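Being a predicted model, the structure only gives us computed values, none of them experimental. Counting begins at 1 with the first residue of the sequence. Computed from heavy atoms alone, side chains included, the values below leave out hydrogens, waters and symmetry copies.
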Amino acid sequence: MAPDSHLPQALADWFAGKGWTPRRHQLEMLDAARAGESALLVATTGAGKTLAGFLPTLSELTLRQAQGDRFDGLHTLYVSPLKALAVDVRRNLLAPIEDAGLPITVEARTGDTPSDRRKRQRERPPNILLTTPESLSILLSYPDSLMMFAGLKTLIIDEVHAFAPTKRGDLLALCMARLEALAPGLRRVALSATVADPDVYRAWLAPHGDIDSVRLVLGENGAPPDISILLPQDRVPWAGHSGRYAAAQVMAEIETHKTTLVFCNTRSLAELIFQDLWKANDLQLPIGIHHGSLALEARRKVENAMADGRLRGLVATASLDLGVDWGDVDCVIQMGAPKGSSRLLQRIGRANHRLDESSEAVIVPGNRFEYLEARAALDAVEAGALDEDIFRPGALDVLAQHIMACACAAPFEEATMLAELQGALPYSGLDATAFRNVLDYIATGGYALKAYERFKRLTEQDGMWRVSHPKFVTQHRLNAGIIVEATMLNVRFKNGRKLGKVEEAFAATLSHKDTFFFAGMSLEVEKIDTEDLIVRATARPARIPTYGGARMPLSTNLAERVRAFLDTPSEWARFPDDVREWLEVQSRRSQLPGPGQLLVETFPREGRHYMVAYSFEGWNAHQSLGMLVTQRMDRLGLKPLGFVANDYAIATYGLEKITDPASLFSADILDTEFVDWVERSHLLKRAFREVAVIGGLVERQHPGKRKTGKQVTFSTDLIYDVLRRYEPDHLLMKAAWHDARGRMTDIGRLGNLLDRAADTMLHVDLPRVTPLAVPVLTLIGRERVATGLADDQLLIEAEALAEEAMRED
């Protein structure tokens, strides 16, 4: 059936007044709505996705008004992953509504919405409500949600790729199942520019995974993006990963464009890059910074300045990856490697927002491997090869939170609730026994905790489950949410002297007597005491690198493309001379790994013996592997001193020569050693803390006050110790193990690597360091400090190491 091009006169006049014609995919979304079908729209940024999602709503409400049948109440619910996106969409959506004189009310509801407005929204909701998954979950916890959502016609999920495969996606899937129960037949719409496998998302969106109930709508292809790789004097650095060396060149790009977005992969790097740009800002152009740790007022100030065209440059993180549409942005710069083709495409889409004009983007690689990664990302974008998303069964801690929200709204019958939950694809495999275990957990806290009244949140009475006491309703709404903020640990000597702070994620990888560099010293861990990392100075070499902030792992898609470059010399002509020479000397002095092959090099240097394994499995998996391999080296008497890792390789160094690397990479390392390491390294405690907060076992907030991170840590650590001793198969212990294996250690990629290591390993023993090893070896002994000195020293060390590696005598 051809799309129906008929629009209500008011909307048709608005399009004409703008000089626009509705695009094919916008009309097809209108046609799907009139057929009563749900839809997934995959269209490039600038193609009018958001308007396409709302067009059926605007059309229906306008037609009803013209017929004298005004719709009162909530018609359409829009869910976005970011509060900033909800606010931005409201601003953009109000334009056609006000311009066309449509009697449609639009409001946003996020964690920043004042409490009086939230209450009024439940009592007298607008026609269109814009919100986030967490705010929607809290809305569903109120008794009046049963009436508020009863007349809901359409649910629109924007940037669906950003959260569908995550715990936030689990929560949203459960919320969709609840909305389906309140408003049967509700139309579901999802929007995205970067979906590799649309069918997976259609199944996630549909009730009970019924893929045939969701129409796939594909937008027109826009003009191909104009992407370039910025090189410093046509010479790619040996080391580093931030691209900070190019601050002056980046500032020059800002000077020659109207508005430039500068994306960084971490918040800490964003702060550093902003400082670097400010120092290079000779023209005193207005530039700003935006990331999730900034206060709401600061974020809103920057967003408004961008919307008004008052900024020439903005340094940002993933907080602006999604959706926020500023038409004056005409250039996007990616500092460091993009880590995935989908992420790069998403960020490029922040520029231009015109389908028929190319978006301009620049990548600033940090080192030679990152140059290959940047080139691989450009090729992937050109080929339309996006990164695959990995979906998994729904998390049990999220399920517990959602069930509690439903109970806060109204008592429920067990079988009815189970049937409702099974309508959410991530929980379609939930059986009666597993469901009962979750209910028992909410009702008692579990076997080891059932003597405590504070954990008895639900009660079964007369075949119905209900909240045990009103205080638990207040407690739930104060503490609901999926995002558990990272905490920091204080680094202290035993005498109390404080050296600074490290992120808990780094501290979680440490065990007693491990050493790491910090504040110019080599420090040995004595113990982790709630929020303090107690250390002492030591003369021992530091064997663990300092944690470098939140890291995005290299996608499998780009990893495979980089490996293909190494194995295809005919491609090298596309690279700068120094990168091509790097690979050519490596091929003559050692080997380059073939597809699927694990190249392991061993060589001596300055009294130490090195082993470098080029596995391309990403930083998280390499960190885990480095810990396991060095521990096995220790047991074999190889006297390891430490390891370093990046996305492409791990390097170990010690006092004894490694003659049989295959014995260090055997798959049985995951059977017992992995379990021992996770339990000893506090990784499991950290994972438990998060699932305990999400699952409602521990509160972050009480009425009128918020618990400190130290109080939350203390509470969860106490409970963890009790459960590990008396109930190791507790529901939350299982959930914590699942998180520790998957998200924190990337066990899937680690397992794949070890499974193939024995059959694909190519061991090359060499007299000295090789060119391919230089980028990872320069990480040894590097301390992370907030100045350019460490980067300067790193470049000096890298050049000396590179000179030795590139010598062919």
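Under the side-chain contact (heavy atoms from CB on, under 4.5 Å) rule, I128 has a single partner from L94, T154, T57, which is T57.
The closest donor-acceptor contact from the side chain of Q401 to the backbone of I694 lies under 3.5 Å. A donor-acceptor pair under 3.5 Å is formed between the side chain of H622 and the backbone N or O of E617. Looking at D210, its side chain never comes within 3.5 Å of a backbone N or O of A206 through a donor-acceptor pair. At distances below 3.5 Å, at least one donor-acceptor pair connects side-chain atoms of Q121 with backbone N or O atoms of A108. A donor-acceptor distance shorter than 3.5 angstrom exists from the side chain of Y427 to the backbone of A395, with no hydrogens or angles considered. A donor-acceptor contact shorter than 3.5 Å links the side chain of S38 to the backbone of R188. Judged by distance alone, the side chain of S141 and the main-chain N or O of I138 form a donor-acceptor pair under 3.5 Å. Between the R168 side chain and the P133 main chain, no donor and acceptor come within less than 3.5 Å of each other.
Residues C408 and F472 have side chains not in contact (no heavy-atom distance under 4.5 Å, counting atoms from C-beta outward). Using a 4.5 Å cut-off on side-chain heavy atoms (C-beta onward), H476 and R457 make no contact. Residues H161 and E159 have side chains in contact (heavy-atom distance under 4.5 Å, counting atoms from C-beta outward). Looking only at side-chain heavy atoms (C-beta outward), F435 and Q422 stay at 4.5 Å or farther from each other. The shortest side-chain heavy-atom distance between P207 and S213 falls under the 4.5 Å cut-off. Inter-residue side-chain proximity for W619 and K339 is flagged as unmet; no heavy-atom pair is nearer than 4.5 Å. In this structure, K734 and D729 have side chains that are in contact, with non-hydrogen atoms separated by less than 4.5 Å. Counting heavy atoms from C-beta outward, V691 and M733 have side chains that stay 4.5 Å or more apart.
The residues E107 and R120 are annotated as salt-bridged, a charged nitrogen and a carboxylate oxygen being separated by less than 4.0 angstrom. Looking at K49 and D158, no side-chain N of the basic residue comes within less than 4.0 Å of a carboxylate O on the acidic one, giving no salt bridge. Between K167 and D170 there is no salt bridge, since none of the side-chain N atoms of the basic residue sits less than 4.0 Å from a carboxylate O of the acidic one. Salt-bridge check for K119 with D144: failed, with every basic side-chain N at 4.0 Å or more from each acidic carboxylate O.
A distance of 11.0 Å separates CG in L399 from OH in Y441, rounded to the nearest 0.5 Å. Rounding to the nearest 0.5 Å gives a distance of 5.5 Å between CZ of F688 and CG of L732. Here the straight-line distance linking atom OH of Y78 with atom CG of L155 works out to 11.5 Å at 0.5 Å rounding. Note: D431 CG to R436 CZ = 13.5 Å, rounded to the nearest 0.5 Å. Taken to the nearest 0.5 Å, the CG atom of L74 stands 9.0 Å off from the CG atom of L139. The CD1 atom of I156 sits 7.5 Å away from atom CE of M29, with the distance rounded to the nearest 0.5 Å.
The minimum heavy-atom distance between S137 and A405, with the atom names listed, is O-CB, 4.1 Å. The minimum heavy-atom distance linking H402 with C175 is given by the pair CE1-N, 4.0 Å. Across every non-hydrogen atom of L140 and S145, the tightest pair is O-OG, 3.4 Å. Annotation for L152 and L77: closest pair CD1-N, 3.8 Å, computed over non-hydrogen atoms. Of all heavy-atom pairs spanning C406 and E420, the tightest one is SG-OE2, 4.5 Å. Summarising the geometry of L458 relative to I403, their closest heavy-atom pair is CD1-CG2, 4.4 Å, with the distance given to 0.1 Å.
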### Message
Assess the residue pair V315 and C264 against the criterion (side chain to side chain contact (heavy atoms under 4.5 Å, CB included)); give the C-alpha distance rounded to whole Å, side-chain angles, the decisive distance to 0.1 Å, and a yes or no.
### Response
CA-CA 7 Å; V315 181; C264 302; 3.9 Å; yes
#### Entry: Chi angles and distances behind the side chain to side chain contact (heavy atoms under 4.5 Å, CB included) call for N127, T76
CA-CA 6 Å; N127 299 138; T76 295; over 6 Å; no
### Task
Could you please spell out the steps behind the side chain to side chain contact (heavy atoms under 4.5 Å, CB included) verdict for F149 and L136?
CA-CA 11 Å; F149 294 108; L136 172 57; 4.0 Å; yes
### Message
If you apply the rule ring-ring contact (aromatic ring centres under 6.0 Å, His included), what do you find for Y201 with F391, and how did you get there?
### Response
CA-CA 10 Å; Y201 283 87; F391 285 76; 5.2 Å; yes
### Trace of the side chain to side chain contact (heavy atoms under 4.5 Å, CB included) decision for H738 with R392
CA-CA 11 Å; H738 185 272; R392 76 282 176 277; 4.3 Å; yes
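Using a 3.5 Å distance cut-off with no hydrogens or angles, the side chains of R109 and S135 do not pair a donor with an acceptor.
Using a 30° and 60° split on the angle between ring planes, F412 and W465 fall in the parallel class, below 30°.
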